Amino acid sequence: MTTAPANPIPAAAAAAGDDPDLISLLPDCILTTILSLLPVPAAARTQILSRRWRRLWPSAPLHLLDSHIPVPSSSISAVVYRILASHCGNAVRFHLILARPSAADLDSWLRSLADKHLQYLVLRPRSDEPLRLPSSLLSCSSLRSAELTNCSLPEDGGEAYFPHLTEISLRLFRVPSAAALHGFLAGCPKLASLSLDRVSGCRTLHLRSGTLRSLTVSVSLTRRRIPEDTCELERLVVEDAPALERLLAHDINWGPSINVMHAPRLQMLGYLGVGIPELQLGSTLFRSMCAVRLAAEFRCVRTLALEMAEPHVKPVADFLRCFPCLETLYVTSDMVVPKSMKILDCEMDDPIECLSYHVKTVVLKGYRGRKHELQLALFLVRRARVLRVMKFLCDNDCNTSWLTNQKRRLLLDNRASLGAQFVFQKFMKSYIRFPKQASNISLVDPFDTYP
């Protein structure tokens, strides 16, 4: 018995020649998925292929990025209007990066996108003046992710409610008041990742969330860049965040002060530096990295990153006492010139739990072998009993004679962990502590970003 081919080519197609149109034989659901992966201009041009293709693109999932539209930026608004009017399918993604729409245009687009069940929104308009968001943004209840850059909340925007939003990034973002920001975040009951980058209009933020897993906060690198009539975040209070796993501070020259009251799953913390005026973790209190009260309450923390103009043993040891189960330590030196801090060095013979049982990785960034850096490295070499690797990311050319001298001064033969490896690597100094998209949980270790 002869079995017919599983996917026979119709006679009409075979008669057309040796290269029949096999793609058109695919079902509509596959073809529309393929079209959704193409830039909008290319996807729209497929309508000229045949009568059947004319109805495919208008119903395919829409990924509309203004950077993919091959027209001058002054003409993008008109093209976006035509695309939204002619497309009858759902909208997956909308990116506005090049165009600067009028308030009426943006309002109309967001209403249309809301009707198309938009899932991913990026607004990053090019302008010195923040783009005021229309109240129609609040109608995009199907959003799952949003990046809002150089935008401002309307003063009378109404009550926010985004039942599916899990990730939001606010950059160079203005809010009319702290209450407006609190209300906006309260309307995101499934929020898992939040990034606040230079948010103005709110001096104190109180966070309560049962779903938040990652929080990234940063302020302006220098106060000189902030307009006199603008207030930035000065105090962050994590009141209740039972799911919070990482708390990341990016530009820490000028704060904010941080108070973590309840975050029982916090695993990753940093960068912490003297620019943070006050850091309170439960009953533990630091002021400009100087310990005021110490308590080993946060046994959940596994990764800690510190930044100092010049590392000293005493403040690092104090932080280590707070995190008994710490496994990975980053110490960055001389990245910026922060506020002055009073250092009290002293000999410490009492054991530190995490160094005795848990710390496996230490990374010293910007290492130059200066007196206090060497003292800190010696302290860790002698005390970290289960250390696997210590990396020295050196802020010099790492020439052979310098390396030989450093290894001799570190007394590696007296290390507490006989199996530890010590790696010296040239490090390109940068003001970027970690990627600002580090709030994304998929980035396993945001501090591990050196070249």
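Throughout, residue positions are numbered sequentially from 1 according to the sequence presented. From a predicted model like this one, the values you see are computed outputs, not experimental measurements.
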Residues passing the side-chain hydrogen bond (donor to acceptor under 3.5 Å, both in side chains) test with S145, sequence neighbours excluded, are none
Looking at T404 and T400, would you say the former's side chain and the latter's main chain have a donor-acceptor pair under 3.5 Å? yes
Of all heavy-atom pairs linking A160 and G183, the shortest is CB-O, 4.4 Å
Please check this pair: side chain of R287 against backbone of C290, looking for a donor-acceptor N/O pair closer than 3.5 Å. no
The complete set of ring-ring contact (aromatic ring centres under 6.0 Å, His included) pairs with one or both residues in residues 185-208, sequence neighbours excluded, reads none
Output for pair (L191 CG, F184 CZ), nearest 0.5 Å, gives 9.5 Å
Nearest heavy-atom contact between V219 and G255 is CG2-O, 3.5 Å
So, do Y271 and F447 have ring centers that fall under 6.0 Å from each other?
-> yes
In terms of heavy-atom contacts, S200 and R174 come closest through OG-CG, 3.2 Å
| query | So, T204 side chain and R235 main chain: donor-acceptor pair closer than 3.5 Å or not? | reply | no
Hits for side-chain hydrogen bond (donor to acceptor under 3.5 Å, both in side chains) against S136, two or more places apart or cross-chain, chain-then-number order -> D107
Review point. Between R100 and E129, is there a side-chain N and carboxylate O pair less than 4.0 Å apart?
Key: no
task: Verify, without hydrogens or angle tests, whether T361 (side chain) and T328 (backbone) share a donor-acceptor contact under 3.5 angstrom.
output: no
All heavy atoms of C354 vs all of L320, minimum pair found to be SG-O, 3.6 Å
The ring-ring contact (aromatic ring centres under 6.0 Å, His included) partners of F392 (sequence neighbours excluded) come to Y367, F424
How about L233 and L205: do any of their side-chain heavy atoms sit closer than 4.5 Å?
yes
(message) Pairing donors with acceptors under 3.5 angstrom, does anything connect the side chains of E297 and S283?
(response) yes
In this structure, CD of Q406 is separated from OG of S401 (nearest 0.5 Å) by 10.5 Å
Beyond-backbone contact of L84 with L113, side-chain heavy atoms, under 4.5 angstrom: yes
Could you go through N150 and L131, starting from their C-alpha distance and side-chain angles, then the distance that decides it, and tell me whether this counts as side-chain contact (heavy atoms from CB on, under 4.5 Å)?
CA-CA 6 Å; N150 196 25; L131 179 66; over 6 Å; no
Sequence neighbours excluded, the answer for side chain to side chain contact (heavy atoms under 4.5 Å, CB included) partners of R93 is H63, L65, H95, Y120
Taking N90 for the side chain and P61 for the main chain, is one N or O donor matched with an acceptor at less than 3.5 Å?
no
Only one of D197, T149, V199 passes side chain to side chain contact (heavy atoms under 4.5 Å, CB included) with F173, and that residue is V199
Original post:
Does S152 reach the main-chain N or O of P130 with its side chain, forming a donor-acceptor pair under 3.5 Å?
Top reply: no
For C231 and C202, the nearest pair of non-hydrogen atoms, with its separation, is SG-N, 3.9 Å
query = Does V122 reach the side chain of L96, with side-chain heavy atoms less than 4.5 Å apart?
reply = no
* Asked: So D350 and R321, salt bridge (Lys or Arg N to Asp or Glu O under 4.0 Å) or not? Walk me through it.
  -> CA-CA 11 Å; D350 55 313; R321 295 180 198 281; 2.7 Å; yes
Distance col, row L412:CG vs Q421:CD, nearest 0.5 angstrom, shows 12.0 Å
Only pairs under 3.5 Å count here: list side-chain donor-acceptor contacts from residues 257-267, not counting sequence neighbours, and write none if there are none.
residue, atom, partner, partner atom, Å
S257, OG, E278, N, 3.2
H262, ND1, D240, OD1, 2.7

One should read off an interatomic distance between F286 CZ and L281 CG, to the nearest 0.5 angstrom, of 7.5 Å
Flag, side chain of H312 to backbone of K314, donor-acceptor distance under 3.5 Å
no
Ignoring hydrogens and angles, tell me if any N or O in the side chain of S333 forms a donor-acceptor pair with the backbone of K365 under 3.5 Å.
yes
Derivation and outcome, salt bridge (Lys or Arg N to Asp or Glu O under 4.0 Å), residues E373 and R368 = CA-CA 7 Å; E373 291 174 321; R368 287 187 284 174; 5.2 Å; no
Q.
Set out, in order, the CA-CA distance, both residues' side-chain angles and the distance that settles side-chain contact (heavy atoms from CB on, under 4.5 Å) for M308 and T332, then state yes or no.
A. CA-CA 6 Å; M308 303 176 177; T332 297; over 6 Å; no
Exercise. Under 4.5 Å between any side-chain heavy atoms of F422 and L387, yes or no?
Worked result: yes
inquiry  = Surrounding NZ of K190 (heavy atoms of other residues, nucleotides or ligands, distance under 6.0 Å), is the total greater than 12?
reply    = no
Set out, in order, the CA-CA distance, both residues' side-chain angles and the distance that settles salt bridge (Lys or Arg N to Asp or Glu O under 4.0 Å) for R213 and E167, then state yes or no. CA-CA 10 Å; R213 297 177 57 198; E167 181 180 12; over 6 Å; no
- [ ] Verify salt bridge (Lys or Arg N to Asp or Glu O under 4.0 Å) between E147 and R171, making sure each step is shown before the conclusion.
- [x] CA-CA 8 Å; E147 177 195 324; R171 295 186 178 134; 3.5 Å; yes
Report task. Report yes or no: does H87 contribute a side-chain atom to a donor-acceptor pair with the main-chain N or O of I83 at less than 3.5 Å? Result -> no
Quick one: are L110 and P134 in side-chain contact, heavy atoms under 4.5 Å?
yes
4.5 Å side-chain heavy-atom contact, S214 and E245
no
dist L185:CG -> I168:CD1 (nearest 0.5 Å) comes out at 7.0 Å
To the nearest 0.5 Å, atom OH of Y161 lies from atom CG of L138 at 13.5 Å
**Asked** Please walk me through it: do L285 and R293 pass side-chain contact (heavy atoms from CB on, under 4.5 Å)?
**Response** CA-CA 5 Å; L285 178 62; R293 293 191 306 271; 3.8 Å; yes
Heavy-atom closest pair (P256 atom, V217 atom, distance to 0.1 Å) is CG-CG2, 4.2 Å
